[in-house]
Amino acid sequence: EVQLVESGGGLVQAGGSLKLSCAASGFITGDYTIAWFRQAPGKEREGVSCISGEDGSTYYADAVKGRFTISRDNTKDTMYLQMNDLKPEDTGVYYCNTASTFLQRGWGQGTQVTVSS
């Protein structure tokens, strides 16, 4: 089955760091653009970062540029989001996805990130 499972969230103080993981199964992740999204309480889900399956180029939302780094390890079929200098406004449920996985399964459970001030 095509599946993406997020992990690595937790509770941290402002200025701290977390590294999220997105483990894939059922497909070769290196062939696809994969992305991180987040949803804060009471707000719409928003895109955070993505990395191209074609050439590894990356995109970051303005709010996280310079603080977050997206990467992938195709040998492990895992994508990562290194989050540094976390701020309270980064709080939310973080999800990973690809266009194809979204069409087949929608959204997964996500992983909760809570940043206290």
Side-chain angles (χ1 to χ4, degrees):
E1 296 183 14
V2 175
Q3 186 175 17
L4 295 169
V5 179
E6 303 92 342
S7 64
L11 173 63
V12 299
Q13 292 185 315
S17 298
L18 284 173
K19 188 174 184 178
L20 307 183
S21 297
C22 174
S25 61
F27 68 104
I28 306 300
T29 59
D31 295 335
Y32 300 91
T33 294
I34 50 181
W36 286 98
F37 305 80
R38 68 186 182 188
Q39 186 169 24
K43 296 184 178 180
E44 298 294 320
R45 200 190 324 263
E46 63 180 354
V48 176
S49 181
C50 65
I51 183 166
S52 171
E54 178 182 4
D55 59 8
S57 60
T58 58
Y59 164 84
Y60 298 93
D62 289 343
V64 307
K65 286 181 179 177
R67 299 188 297 118
F68 291 12
T69 303
I70 190 171
S71 63
R72 67 197 302 168
D73 184 344
N74 292 335
T75 65
K76 298 181 178 180
D77 287 327
T78 302
M79 176 178 64
Y80 305 96
L81 185 68
Q82 178 66 51
M83 306 186 296
N84 298 324
D85 191 24
L86 284 162
K87 303 176 180 180
E89 52 263 43
D90 295 318
T91 293
V93 180
Y94 283 68
Y95 305 85
C96 61
N97 224 330
T98 71
S100 295
T101 305
F102 172 76
L103 291 173
Q104 294 179 65
R105 300 182 63 88
W107 299 100
Q109 294 296 307
T111 185
Q112 176 71 45
V113 172
T114 303
V115 184
S116 62
S117 60

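Between Leu18 and Leu86, the shortest heavy-atom contact is N-CD1, 3.9 Å. What you find for Ser17 and Asn84 is that their closest heavy atoms are OG-OD1, 2.9 Å. For the pair Ala61 and Gly47, the tightest heavy-atom approach, listed with the atom from each and the gap, is CB-O, 3.7 Å. Considering all non-hydrogen atoms of both residues, Ala24 and Leu4 come closest at CB-CD2, 3.5 Å. Summarising the geometry of Ile70 relative to Tyr60, their closest heavy-atom pair is N-OH, 2.9 Å, with the distance given to 0.1 Å.
To the nearest 0.5 angstrom, Lys43 atom NZ is 10.0 Å from Thr91 atom OG1. Considering OH of Tyr80 and OG of Ser7, their distance stands at 9.0 Å, rounded to 0.5 Å. Rounded to the nearest 0.5 Å, atoms CE (Met79) and SG (Cys50) are 9.5 Å apart.
Between Thr111 and Leu20 there is a side-chain heavy-atom pair separated by less than 4.5 Å. In this structure, the side chains of Tyr94 and Met83 come closer than 4.5 Å at one or more pairs of heavy atoms. In this structure the side chain of Val115 never reaches within 4.5 angstrom of the side chain of Gln13, judged on heavy atoms.
Surrounding CD of Gln82 are more than 12 heavy atoms belonging to other residues, nucleotides or ligands, all under 6.0 Å away.
Residues Val113 and Leu81 share a single hydrophobic cluster, defined by chaining ILVMFWY side chains whose heavy atoms lie under 4.5 Å apart. When the side chains of ILVMFWY residues are joined at heavy-atom separations under 4.5 Å, either directly or via intervening members, Tyr32 and Val2 end up in a single hydrophobic cluster. There is a path of hydrophobic side-chain contacts, each under 4.5 Å, that joins Ile34 to Val64.
For the residue pair Thr78 / Asp73, no side-chain donor-acceptor distance below 3.5 Å is found, with atom types taken as modelled. Side-chain contact annotation: Gln112 with Thr114, donor-acceptor N/O pair under 3.5 Å present.
With Asn97 contributing its side chain and Phe102 its backbone, the two residues share a donor-acceptor pair below 3.5 Å.
In this structure, Lys65 pairs ionically with Asp62, as a charged nitrogen and a carboxylate oxygen lie closer than 4.0 Å. One finds a salt bridge joining Asp90 and Arg38 here, because a Lys/Arg side-chain nitrogen approaches an Asp/Glu carboxylate oxygen to under 4.0 Å.
Ring pair Phe37/Trp107 is perpendicular by interplanar angle, where above 60° counts as perpendicular and below 30° as parallel.
Aromatic ring centres of Trp36 and Tyr95: separated by at least 6.0 Å.
Applying the disulfide bond (SG atoms under 2.5 Å apart) definition to pairs two or more places apart or across chains, those involving residues 83-117 are Cys22-Cys96.
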